[in-house]
Amino acid sequence: MYRTTVLDRAPLASPWRDSFALGTALVGAVVWVKIFEKLAQNGFLDQKLSRKLVHISSGPLFILTWPLFSADPAARLYATLIPILNALRLLLVGSGAVRDPGTVKSVSREGDRQELLRGPLYYCLVLIAGTVLYWRESPIGILALALMCGGDGLADIVGRRFGSARLPFNPDKSWAGSLAMLLGGTGCAYALITVFCSLGYITCPPTRLLGTVCIAASAATCTEALPISQKLDDNISGLSVAECRAAQVACNRLAQQLSIITDSLLSKPPPPSPPGLVDEERTSQLRRRRLRLAGSLHEARLSHILTASLYSFDTRLFRSSNMLSRIALVAVALCLFTSGASHAAPAPAPGPASYAPKSAPVGAAAPTRRGRSLLATPAPAPGPSSYAPQSAPVGAAAPTRRGRSLLAAPAPAPGPSSYAPKSAPVGAAAPTRRGRGLLATPAPAPGPSSYAPKSAPVGAAAPTRRGRSLLAAPAPAPGPSSYAPKSAPVGAAAPTRRGRSLLATPAPAPGPSSLAPKSAPVGAAAPTRRGRSLLATPAPAPGPASYAPKSAPVGAAAPTRRGRSLLATPAPAPGPSAYAPKTAPVGAAAPVRRGRSLLATPAPAPGPSAYAPKSAPVGAAAPVRRGQL
Ligand SMILES: Nc1ccn([C@@H]2O[C@H](COP(=O)(O)OP(=O)(O)OP(=O)(O)O)[C@@H](O)[C@H]2O)c(=O)n1
Ligand SMILES: C/C(=C\CO)CCC[C@H](C)CCC[C@H](C)CCCC(C)C
């Protein structure tokens with residue numbers, strides 16, 4: 001499930017926003033515990049029930065405050081302050097340094113203040129670990145915390161009431177309690193992860209999410225049912241669930257690497273060099289292939305070591321009798337897991353008055369830490385009455401066969417009543433034979449009541465054998481208020497590492513108010529390093545006061561590293577007040593590490609008040625390191 005979200009239009013860093021979120025959550029935590037204190041004091045709730053309800057609800061509510069924080073990397077530290085301050089409070093009250101009978105009553109079983117130094121304190125420590133190590137872009141942290149809160153909490157409530165049938169291997173636990181743990185944990189984790197998926201922080205393949213959560217919840221239930229709770233607090237043992245999931249991720253990764261290796265070994269030799277490809281070029285192609293294979297083997301080995309380490313840590317964790325060393329082991333284990341865990345690209349938090357990111361392309365696949373981004377970031381907000389697709393994001397990268405999200409599709413043409421397809425993104429690149437999305441298609445012509453096709457992209461380029469799209473369709477003429485870039489060519493192919501952008505399309509005739517370039521001929525192909533820029537796009541016939549970039553030609557192919565950028569995509573004809581990025585070409589393919597983003601996508605035709613990023617291309621493929629989905 002690839003969803004569009006509004007998240008990527010949130011400010012990257014906002015201390016005000018983070019302070020506000022922190023303040024809200026801190027006040028919320030105090031008020032929440034007070035509510036249960038009052039309910040217990042007034043006899044509405046049994047003290048044990050009140051304590052468990054605080055246990056069940058505090059964690060999920062805390063997790064739900066995470067989207068309030070900005071996309072600043074420091075935001076997670078702000079958020080961590082919430083359980084840290086609560087842990088300090090528990091330490092102070094539990095140790096007797098501060099007198100707070102209300103807190104003691106609401107979070108202890110029997111009213112003994114020293115109880116605060118066990119379950120409730122560990123609870124806060126686990127929240128701290130989950131926040132610092134996983135934060136909102138990893139499902140593992142949310143999963144582990146949700147299982148600790150929803151699962152363990154419900155097991156207590158149900159087990160105490162309906163737990164007459166005890167587990168054969170642990171008389172302290174019951175079948176009813178364990179079943180409640182399984183269901184409560186699954187429900188809580190599934191609900192929270194779904195929220196974070198719909199907000200765009202993590203991507204949930206809907207078919208696998210429930211299964212994965214169930215497996216993790218079963219593992220947690222088994223761990224909790226073991227007769228080890230005298231040695232290991234349930235709140236801490238719940239964390240081992242995160243380990244199970246991390247081990248699972250590590251195994252998946254291992255399998256993935258093995259399949260890449262097999263694929264590399266079995267795949268045919270590289271195709272014959274295209275005309276003009278010199279021997280040196282071919283040699284380096286082969287060398288790259290070998291390097292890739294070596295890299296895969298190395299990663300496979302690492303995954304194996306990681307998985308083995310997880311289990312060895314688990315064993316030591318459960319054998320250790322000293323609480324401090326257990327916590328230290330959990331911390332070390334979690335650090336290990338994070339390196340094997342799947343992280344989606346951090347999406348900035350949403351909020352009112354949010355705006356488009358400055359450094360990431362709208363409509364592009366988000367860059368990932370290790371290329372495991374499961375998300376595509378949304379297209380820019382279209383104009384009034386625009387219609388967004390229901391099953392796939394407009395401008396999102398389409399899933400590819402081998403899970404390499406390498407496609408960029410243009411953002412929909414906004415404008416009044418513009419319409420985007422329901423089942424496929426407008427201009428989405430078609431899946432290619434080797435799963436390398438190499439095509440991009442232009443955005444439909446905008447304007448009032450513009451209409452895009454439901455099942456096939458307008459002007460979509462046909463899939464090519466090895467993804468060298470040889471076609472590009474001209475960009476539509478934009479509506480009024482479109483904006484042209486200041487320093488890069490509109491519609492130009494951005495430099496790619498291997499530079500195989502092979503197309504050039506004619507620049508459309510600009511409308512009134514277009515401006516001719518100052519330093520290069522309009523429509524001229526830019527010089528490339530090895531002089532292989534073979535195409536030049538025709539110059540647009542400039543009208544009065546037409547606008548073009550100052551430092552690069554309209555419709556020109558940008559210079560590539562190896563000089564093979566042979567194409568230029570057309571420049572949209574700007575109208576009055578047109579808006580486009582300042583430092584990167586609209587519709588240009590962003591550079592990719594392995595040079596597989598081979599196409600430049602056309603610029604979306606902006607409508608009134610259309611908005612585009614300042615430094616990254618609209619509809620461009622973001623750099624994806626390995627790009628696995
Ligand atoms: N799978 C489970 C888990 C718990 N329980 C019941 O729930 C109550 C609390 O269990 P537990 O969480 O193990 O107790 P404590 O450790 O005392 O509580 P806490 O975790 O809140 O510290 C006990 O009566 C236990 O029998 C159960 O029947 N089945
Ligand atoms: C009784 C508890 C555990 C026993 O197993 C839970 C103790 C909870 C802490 C006293 C309070 C924790 C507060 C959270 C860190 C933040 C909640 C914020 C939210 C907005 C309510």
Side-chain angles (χ1 to χ4, degrees), residues 21-37 40 47-66 68 79-94 100 102-110 112 115-131 145 148-149 151-167 169-185 217 220-238:
L22 173 64
T24 310
L26 281 175
V27 172
V30 174
V31 170
W32 196 245
V33 174
K34 274 266 173 270
I35 289 175
F36 285 94
E37 176 195 321
Q47 191 163 327
K48 286 199 182 91
L49 181 61
S50 149
R51 175 176 182 268
K52 275 297 153 184
L53 290 176
V54 173
H55 174 113
I56 291 175
S57 56
S58 298
L61 283 175
F62 169 58
I63 292 170
L64 287 173
T65 65
W66 290 356
L68 297 178
T80 313
L81 281 176
I82 300 157
I84 287 179
L85 292 174
N86 275 283
L88 280 177
R89 188 171 124 213
L90 292 171
L91 272 172
L92 292 173
V93 178
D100 185 353
T103 301
V104 174
K105 202 167 172 55
S106 54
V107 295
S108 70
R109 270 184 232 111
E110 316 285 349
D112 176 5
E115 268 187 58
L116 272 53
L117 300 176
R118 292 195 295 274
L121 183 61
Y122 302 147
Y123 182 92
C124 289
L125 292 179
V126 169
L127 288 184
I128 293 168
T131 314
L145 298 181
M148 174 187 79
C149 302
D152 184 50
L154 207 64
D156 180 302
I157 294 176
V158 174
R160 281 185 201 276
R161 279 155 190 75
F162 309 101
S164 48
R166 299 270 132 182
L167 295 178
F169 51 90
N170 186 0
D172 288 342
K173 312 273 160 145
S174 64
W175 287 105
S178 293
L179 185 65
M181 161 120 199
L182 180 66
L183 297 178
T221 307
C222 293
T223 316
E224 198 258 1
L226 291 173
I228 53 166
S229 45
Q230 299 87 341
K231 286 193 177 176
L232 197 69
D233 187 274
D234 287 343
N235 291 344
I236 293 181
S237 68

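Atoms within each ligand, like the ligands themselves, are counted from 1 in listed order. For this chain, numbers begin at 1 and follow the sequence in order.
Side-chain contact between Leu49 and Arg161 is present, with heavy atoms from C-beta onward closer than 4.5 Å. At least one side-chain heavy atom of Lys52 sits less than 4.5 Å from a side-chain heavy atom of Asp152. Considering only heavy atoms from C-beta on, Leu183 stays 4.5 Å or farther from Leu154 through its side chain. The closest side-chain heavy-atom distance from Tyr123 to Ser58 is below 4.5 Å.
Scanning both residues, Glu115 and Arg51, for their nearest heavy atoms gives OE1-NE, 4.2 Å. Looking at every heavy atom in both residues, Pro83 comes nearest to Leu127 through CB-CB, 3.8 Å. Nearest heavy-atom pair across Trp66 and Thr131 is CZ2-OG1, 3.6 Å. The two residues Thr65 and Ala25 make their nearest non-hydrogen contact at CG2-CB, 4.0 Å. Between Leu117 and Leu90, the shortest heavy-atom distance links the atoms CD2-O, 3.8 Å.
A salt bridge (charged side-chain N to carboxylate O under 4.0 Å, His left out) check over residues 25-36, counting only residues at least two apart or in different chains, returns the pairs Lys34-Glu37.
Neither the backbone nor the side chain of His55 has a heavy atom within less than 4.0 Å of ligand 1. In Leu127, the part holding a heavy atom less than 4.0 Å from any atom of ligand 2 is the side chain.
Atoms of ligand 2 found under 4.0 Å from any heavy atom of Arg51 (numbered from 1 in listed order, with element): 1 (C), 4 (C). Less than 4.0 angstrom separates some heavy atom of Lys52 from each of these atoms of ligand 1: 19 (P), 20 (O), 21 (O). For ligand 2, the atoms sitting less than 4.0 Å from at least one non-hydrogen atom of Asn86 are 11 (C), 13 (C), 15 (C), numbered in the order shown with element in parentheses. Short contacts between ligand 1 and Arg166, defined as distances under 4.0 Å to a heavy atom of the residue, involve ligand atoms 26 (O). Remark: ligand 1 atoms within the under-4.0 Å shell around heavy atoms of Asp172 are 25 (C), 26 (O). Close approach of ligand 1 to Ser174 (heavy-atom distance below 4.0 Å) involves ligand atoms 1 (N), 2 (C), 27 (C), 28 (O), 29 (N). Counting atoms of ligand 2 from 1 in the listed order, those under 4.0 Å from a heavy atom of Ser58 are 17 (C). Every atom of ligand 2 is numbered from 1 in the order shown, and the set under 4.0 Å from a heavy atom of Ala29 is 16 (C), 17 (C), 18 (C), 21 (C).
Taking 4.0 Å as the cut-off, Gly177 counts as a neighbour of ligand 1 on heavy-atom distance. For Gly119, the closest heavy-atom approach to ligand 1 does not fall below 4.0 Å.
For atom 3 (C) of ligand 1, the nearest non-hydrogen atom from the set Glu115, Glu224, Lys48, Arg51 comes from Glu224. Counting heavy atoms only, Asp156 comes closest to atom 8 (C) of ligand 1 of the residues Asp156, Leu154, Asp152.
Of the polar atoms of Thr65, none of the N or O atoms is found under 3.5 Å from an N or O of ligand 2, judged by distance alone.
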